[in-house]
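The chain is numbered in sequence order, starting from 1.
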Amino acid sequence: ATSNLVCHPDLPDKRPSDRDHEAEDMNLCLKCKKEKPTYIGFSCRCWCVCANCVKTAGSRILECPGCGEFTEFVQAN
């Protein structure tokens, strides 16, 4: 079966509900995917980790789940 949906040429060919779900995922912690991110990587500037994940990591320096760089995460204002 073919779809009659017309997608923007710059977007991947996905159903609108898939893109909406991905947009929601972008607003969640990349580590646990449950909470909103509240910490930012000091050197990489990725805003992608929640307070619970930072606190349970047990280390000041973490591997950023967004870019893979090792950095300290600080609370975003």
Side-chain angles (χ1 to χ4, degrees):
T2 60
S3 172
N4 292 331
L5 294 175
V6 177
C7 294
H8 190 277
D10 295 335
L11 296 175
D13 187 22
K14 295 184 179 181
R15 296 185 316 252
S17 61
D18 288 345
R19 284 194 301 274
D20 293 343
H21 183 67
E22 287 175 2
E24 288 174 11
D25 287 348
M26 291 175 62
N27 292 324
L28 294 177
C29 171
L30 293 181
K31 200 160 179 81
C32 69
K33 309 236 186 287
K34 295 178 183 176
E35 303 291 329
K36 291 193 180 265
T38 54
Y39 279 71
I40 188 168
F42 185 76
S43 60
C44 66
R45 310 313 285 170
C46 293
W47 189 13
C48 59
V49 182
C50 71
N52 192 44
C53 286
V54 169
K55 290 175 184 167
T56 58
S59 177
R60 284 184 55 205
I61 307 297
L62 306 173
E63 183 176 3
C64 175
C67 69
E69 186 174 326
F70 284 87
T71 183
E72 183 176 357
F73 277 85
V74 294
Q75 190 167 10
N77 292 332

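Judged by distance alone, the side chain of Thr38 and the main-chain N or O of Ala51 form a donor-acceptor pair under 3.5 Å.
One finds the CD atom of Glu69 at 11.0 Å from the CZ atom of Arg45 (value rounded to the nearest 0.5 Å). Here the CG atom belonging to Leu28 is positioned 11.5 Å from the NZ atom belonging to Lys34, to the nearest 0.5 angstrom. How far CH2 of Trp47 is from CG of Asn27: 9.5 Å, rounded to the nearest 0.5 Å.
Taking both residues in full, the closest heavy atoms of Cys50 and Lys36 are given as CB-O, 3.5 Å, listed atom of the first, atom of the second, then distance.
Hydrophobic clustering, defined by side-chain heavy atoms of Ile, Leu, Val, Met, Phe, Trp and Tyr closer than 4.5 Å, groups Phe70 together with Ile61. Tyr39 shares a hydrophobic cluster with Val49, Val54, Leu62, Phe73; the chain of contacts runs through ILVMFWY side chains whose heavy atoms sit under 4.5 Å apart.
In this structure, the salt bridge (Lys or Arg N to Asp or Glu O under 4.0 Å) partners of Glu72, at least two apart in sequence or on a different chain, are Arg60.
Considering Cys29, Cys53, Cys64 as possible partners of Cys48, the one that fulfils the side-chain contact (heavy atoms from CB on, under 4.5 Å) test is Cys64.
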